[in-house]
Amino acid sequence: MTNPFRYGKVVSGEYFTDREGELTEIESDVLNGQDLVVISPRRYGKTSLVLQAAEHLRKRDVLVAYIDLFRSPAKDKLAERLAAAIHEGLIPTHERMLQRAADFFSSLPVRPKIVLKPDGSYSFEFDASPVTRDIDRTIEGLLEILAKVASDRKRRVALILDEFQEVMSIDPALPGVMRSIFQNQNDVSHVFLGSKRHLMESLFSHKSEALYRMAKPVRLREIAEEDFSAFIGERFRASGRRIVPEAIGRILAITERHPHDTQELCYFAWAIADAEGVAVTPEVVEQALSQVLDAEDARCKELWDKLSPHRRLVLIALAIGNGEGVFSQAYRLKNGLGPASTVQKSLKYLIQEDIVEASPKGKYRLSDTFLRKWVAQLASS
Ligand SMILES: Nc1ncnc2c1ncn2[C@@H]1O[C@H](COP(=O)(O)OP(=O)(O)O)[C@@H](O)[C@H]1O
Ligand SMILES: [Mg+2]
């Protein structure tokens, strides 16, 4: 029997649960040509959610192109990935022949070299050396193709830009370029995904305000308690292993319904049940948690080693307390944090690094369940 839980990669099908509300919202927005920006901490399920929506949208005749900006560190790479995404998502399969593809991109200032891969798919290569302006024009040309396809084929088009915050390291001028092209593409929905919340917020609110007004924010939360517990119960049932209801409650209390961390803890709990032929009880959950912490130890240590002593103190305070009123004198005294301005500085860094999340109400917490546990354990030992 294979483990019915999965973490780390994009999940779909039986590994994906709920998000009904978000799916409906995203799908109907895309059908309306509305631009969206989906923001959440890392590993909350943005990519899984949007790809799931894309799968549904394709069935409703929407042409979807997907690109991950993490994998496009420079402009020529971005152009290559864009060309591939457009080719894959926007050109009908029967037209995906070499010649057609070449025709398709023939209007571009720099034409891609089309390489047929052994598996029958194509990749696109732009010479890294062309004059910068040419590669800029090529990226613009590629982005313009979206609207052309929508009107030629009379279809709705969606472009998904994952890890969009990376755009700033590719070229800070890109958001402006995109804005000027995208705002005239009425039949194209642009979906921006990003995990570095502060970067995304500033990208969409200050640096290029038009992007912000253009895109409707969708904030992804944890998965609802009842959906997640039904999912966990069902996955155990389907795989012929047992878990008692209190253990499900315990898992969700530990992870606070964090999608990735819940699947990870379930994965370990299931493995114990499988190996030892026992039902998962709250005690087994504790055993699984300690295994997860062992598995995560190296990653947590590495992160910890990079932090200054004050930042560590702040993390300890957040991991053992509730993260409210952190600037109050009582809180700072109790946790040995020194002046409020220093706390402010450390928090700013920790938020930038996506280690700490701030709620609008001024509550701070470690977004990563296991780092939180790891730090708390360290503080108590
Ligand atoms: N809807 C979901 N149902 C169950 N697990 C999910 C769901 N969404 C995400 N996960 C879990 O979270 C992990 C990270 O998902 P991913 O889509 O890569 O997040 P993000 O793009 O926000 O970083 C997945 O590997 C999976 O374990
Ligand atoms: Mg992702």
Side-chain angles (χ1 to χ4, degrees), residues 7-9 39-47 68-74 162-170 172 193-203 222 254-256 258-265 268 289-324 326-327 331-359 362-381:
Y7 61 96
K9 286 198 214 102
I39 304 180
S40 82
R42 271 179 305 145
R43 300 162 154 192
Y44 260 52
K46 291 176 296 298
T47 306
D68 179 355
L69 271 63
F70 253 141
R71 303 176 65 193
S72 338
D162 205 349
E163 302 293 356
F164 185 69
Q165 73 278 347
E166 298 306 308
V167 76
M168 295 307 283
S169 55
I170 302 173
L193 275 58
S195 37
K196 295 222 162 167
R197 190 167 352 187
H198 78 285
L199 268 176
M200 288 297 282
E201 304 262 1
S202 72
L203 200 52
E222 298 84 3
I254 292 170
T255 63
E256 298 179 6
H258 185 297
H260 170 281
D261 296 352
T262 306
Q263 289 243 29
E264 183 173 1
L265 187 51
F268 278 80
L289 175 62
S290 98
Q291 289 182 3
V292 173
L293 291 175
D294 279 347
E296 297 282 342
D297 187 57
R299 184 179 64 88
C300 293
K301 263 204 194 98
E302 193 186 321
L303 190 146
W304 189 251
D305 283 344
K306 289 194 188 125
L307 296 175
S308 70
H310 190 266
R311 289 167 186 163
R312 290 181 187 170
L313 281 179
V314 171
L315 277 195
I316 290 175
L318 295 180
I320 60 178
N322 71 358
E324 264 172 304
V326 298
F327 299 112
Y331 191 96
R332 286 183 286 116
L333 268 179
K334 180 169 153 236
N335 295 291
L337 296 181
S341 58
T342 319
V343 176
Q344 184 85 58
K345 250 194 246 160
S346 285
L347 276 174
K348 190 174 165 208
Y349 173 87
L350 293 166
I351 291 171
Q352 260 170 28
E353 291 301 306
D354 255 3
I355 299 168
V356 167
E357 264 178 276
S359 81
K363 195 173 159 178
Y364 297 88
R365 66 195 280 266
L366 275 78
S367 26
D368 180 324
T369 313
F370 304 124
L371 180 65
R372 187 165 65 233
K373 293 273 171 206
W374 188 90
V375 173
Q377 222 172 47
L378 185 90
S380 70
S381 64

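For reference, positions follow the sequence shown, starting with 1.
Taking all atoms of both residues into account, the shortest heavy-atom contact from Leu313 to Gly336 is CD1-O, 3.5 Å. The shortest heavy-atom contact between Ile254 and Lys373 is CG2-CE, 3.8 Å. The two residues Lys46 and Pro41 come nearest to each other via the heavy atoms NZ-O, 3.1 Å. The two atoms that bring Arg365 and Glu222 nearest to each other are NH1-OE2, 4.0 Å, heavy atoms only. Considering every non-hydrogen atom in both Trp374 and Leu293, the closest pair reads N-CD2, 4.1 Å. Of all the heavy atoms in Ala358 and Tyr364, the pair that sits closest is CB-CE2, 3.5 Å.
Under the side-chain hydrogen bond (donor to acceptor under 3.5 Å, both in side chains) criterion, Gln344 pairs with no residue, sequence neighbours left out. Partners of Ser308 under the side-chain contact (heavy atoms from CB on, under 4.5 Å) rule, at least two apart in sequence or in another chain, are His310, Arg311. Judged as a side-chain hydrogen bond (donor to acceptor under 3.5 Å, both in side chains), and not counting sequence neighbours, Ser72 has no contacts. Partners of Lys348 under the side-chain hydrogen bond (donor to acceptor under 3.5 Å, both in side chains) rule, at least two apart in sequence or in another chain, do not exist in this structure. Judged as a side-chain hydrogen bond (donor to acceptor under 3.5 Å, both in side chains), and not counting sequence neighbours, the contacts of Thr47 are Asp162.
Salt-bridge check for Glu256 with Arg372: passed, with a basic side-chain N closer than 4.0 Å to an acidic carboxylate O. Between Asp368 and Arg299, at least one side-chain nitrogen of the basic residue sits less than 4.0 Å from a carboxylate oxygen of the acidic one, meeting the salt-bridge criterion.
For the atom pair CZ of Phe268 and CD of Glu264, the computed distance is 5.5 Å after rounding to the nearest 0.5 Å. Taken to the nearest 0.5 Å, the CG atom of Leu366 stands 10.5 Å off from the CD1 atom of Ile316. Annotation: the span from Glu163 atom CD to Asp68 atom CG amounts to 5.5 Å, rounded to 0.5 Å. Taking OG of Ser367 as the start and CZ of Arg42 as the end, the distance is 7.5 Å to the nearest 0.5 Å. Separation of atoms CG (Asp261) and CD (Glu296) is listed at 7.5 Å; rounding is to 0.5 Å. In this structure, the separation between CG on Leu371 and CG on Leu303 is 5.5 Å, given to the nearest 0.5 Å.
Between Val326 and Val314, the closest side-chain pair of non-hydrogen atoms is not below 4.5 Å. Side-chain contact between Thr369 and Thr262 is absent, with no heavy atoms from C-beta onward closer than 4.5 Å.
Between the side chain of Gln165 and the backbone N or O of Ser195 there is at least one donor-acceptor pair closer than 3.5 Å. The closest donor-acceptor contact from the side chain of Asn335 to the backbone of Ala317 lies at 3.5 Å or more, if one exists at all. For Arg312 (side chain) and Trp304 (main-chain N/O), a donor-acceptor pair under 3.5 Å exists by modelled atom type. Between the side chain of Ser346 and the backbone N or O of Val343 there is no donor-acceptor pair closer than 3.5 Å.
Between Tyr44 and His260, a ring centre-to-centre spacing not shorter than 6.0 Å is recorded.
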*Might you work through the side-chain contact (heavy atoms from CB on, under 4.5 Å) test for Leu265 and Phe370, ending with a clear yes or no?*
CA-CA 10 Å; Leu265 187 51; Phe370 304 124; 4.2 Å; yes
*Run the side-chain contact (heavy atoms from CB on, under 4.5 Å) check on Val375 and Leu318 step by step: do they pass?*
CA-CA 9 Å; Val375 173; Leu318 295 180; over 6 Å; no
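Among residues at least two apart or in separate chains, there is no salt bridge (Lys or Arg N to Asp or Glu O under 4.0 Å) pair with a member in residues 331-344.
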